[in-house]
Structure formats: C-alpha cells, structure tokens
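A short worksheet on the structure shown next.
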Amino acid sequence: MNKKILVVAAHPDDELLGVGATIVHHIKSNDKCFALILGEGITSRYGKRDLADVSNIEDLHKDTLKAAKVIGYEKVYFENFPDNRFDSIDLLDVVKIVEKYIEEVKPDIIYTHHSGDLNVDHRKTYEAVLTASRPIESYCVKEIYSFETVSSSEWNFEYINSFKPNYFVDVTFTLDKKLNSVSFYKSEMRNFPHPRSIENLEVTAKKWGSVIGTKYAEAFEVVRIIK
Ligand SMILES: [Zn+2]
C-alpha cells in the first residue's frame with residue numbers, strides 16, 4: 001500500500017509484456033507506478049542508425065503513453081539510447097541515467113529485465129539497474145525483481161542463466177487490462193505463433209497460473225529483498 005514502483009525497461013512495450021498485469025495490481029493497492037524506458041526501440045530496424053526515420057520514435061512514444069494510460073502508470077520517462085546497441089555505450093552512462101530516476105522516484109520496488117535475456121539491451125539494463133541500486137546507507141531500493149520478456153527470455157537457449165521464476169502474482173483479474181494496453185503497440189505486436197502476440201501472452205499467463213493454481217499469473221525472479 002502506497003509504495004512506489006519503478007519499472008526499468010529497455011524498449012517501449014517491455015514495461016507491459018512481463019509485468020503489466022502486476023502493475024495493475026499495484027495500482028489497485030494504491031501504489032504509484034512509474035516506467036523508465038531507456039532505449040528508443042526503433043532504429044535497429046534500419047540498415048544504419050542514421051538512416052532511421054525518427055518520426056517513428058515519436059509515434060512509438062505516443063503508443064506507449066496510450067498503453068500506459070490503460071494500465072494506470074503515473075508517468076513514463078523516456079531516454080533514447082540506441083535500439084539494440086546498448087553494448088556500444090559505456091555501462092556507466094546507462095547507470096548514471098538509472099541513478100537519476102531512482103533519485104527522483106525513490107522506488108520501494110524495481111522491476112527490470114532478466115540478466116540472461118537474449119537481447120543485449122535487456123542484459124545491459126539489468127546490469128545498470130543493479131549497479132544504480134547498490135545498497136548504500138542513506139537510501140536503498142528494498143525489492144528488485146526480474147520479469148520475463150517474451151521473445152527474449154525464452155530465446156536464450158541456455159540452461160545456466162535461464163529465467164527460473166520463484167515469485168508469482170495472481171493476475172486473474174488484471175490480465176485483461178494488460179492485453180488491452182498491449183494492443184496499442186501495433187508496431188511491436190505480431191501474430192501467433194510469434195511470442196509477442198496477444199495469444200501467447202495469454203498462454204504464458206495461463207502457464208504460470210497453472211504453476212501456482214490460479215487461472216493466470218505473471219512470474220518473476222527475485223533479485224533482492226531487504227526487510
Ligand atoms: Zn525489449
């Protein structure tokens with residue numbers, strides 16, 4: 001109750017795919033939820049970054065804000081790190097940005113990517129979050145969780161660092177809102193059997209629901225809890 005939640009995502013739509021229905025849950029509990037989206041999410045679609053049509057970035061941000069309104073996010077912060085090229089940036093530059101927003105929001109809980117995702121931006125985001133939220137005496141983020149991002153978490157075919165959830169949220173009554181909001185991302189969503197399809201999001205929620213005995217669930221890995 002009355003907690004502050006920060007979702008740190010690499011790309012527009014990541015703030016919904018693995019955590020959207022849980023965010024609706026938080027909002028129902030009077031928590032305030034914010035999203036920080038670090039990358040612009042567009043330019044990797046072009047042969048060269050400088051050939052990209054930047055008006056597409058603005059359109060994508062508009063989709064993000066429409067989707068965020070359905071979910072109930074208080075605010076979405078946009079940074080414009082280059083899509084799928086976070087490995088070309090000094091990690092410290094990403095850390096500084098994440099630190100700036102942690103300082104501003106002062107979140108009790110952070111949700112971010114999984115360290116083993118296939119997508120390099122996701123992995124760098126995870127590293128930056130962990131670095132930016134290292135526990136210090138004056139202030140520290142009490143809880144950090146990794147969410148699953150379909151089309152990245154399962155596409156890293158590696159056993160050692162695969163997504164192995166140990167924290168689940170029953171989203172039986174909030175999944176609808178997530179699926180409605182995701183539909184605003186017309187440029188990001190695909191048709192089934194692509195993992196980033198409405199059908200797969202429902203199937204994934206059903207699968208995690210079956211693990212914990214509910215109709216639908218979202219699944220997380222606990223990174224850190226400090227009580
Ligand atoms: Zn992503």
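In this chain, numbering begins with 1 at the start of the sequence shown. Atoms within a ligand are numbered from 1 in the order they appear, just like the ligands themselves.
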Exercise: do D31 and S29 side chains pair donor with acceptor under 3.5 Å: no
Test item: side-chain donor near acceptor, E15 and Y111, under 3.5 Å: no
Residues, nucleotides or ligands: over 12 heavy atoms within 6.0 Å of E158 CD: yes
Which residues share a ring pair (Phe, Tyr, Trp, His ring centres under 6.0 Å) with F78, sequence neighbours left out: H61
Ring pair (Phe, Tyr, Trp, His ring centres under 6.0 Å) partners of F86, counting only residues at least two apart: F81
Counterpart residues, side chain to side chain contact (heavy atoms under 4.5 Å, CB included), relative to S115 (two or more places apart): Y126, N161
Distance filter under 2.8 Å, centred on the Zn ion (ligand 1) - protein N, O or S atoms that pass it: H11 ND1, D14 OD1, D14 OD2, H122 NE2
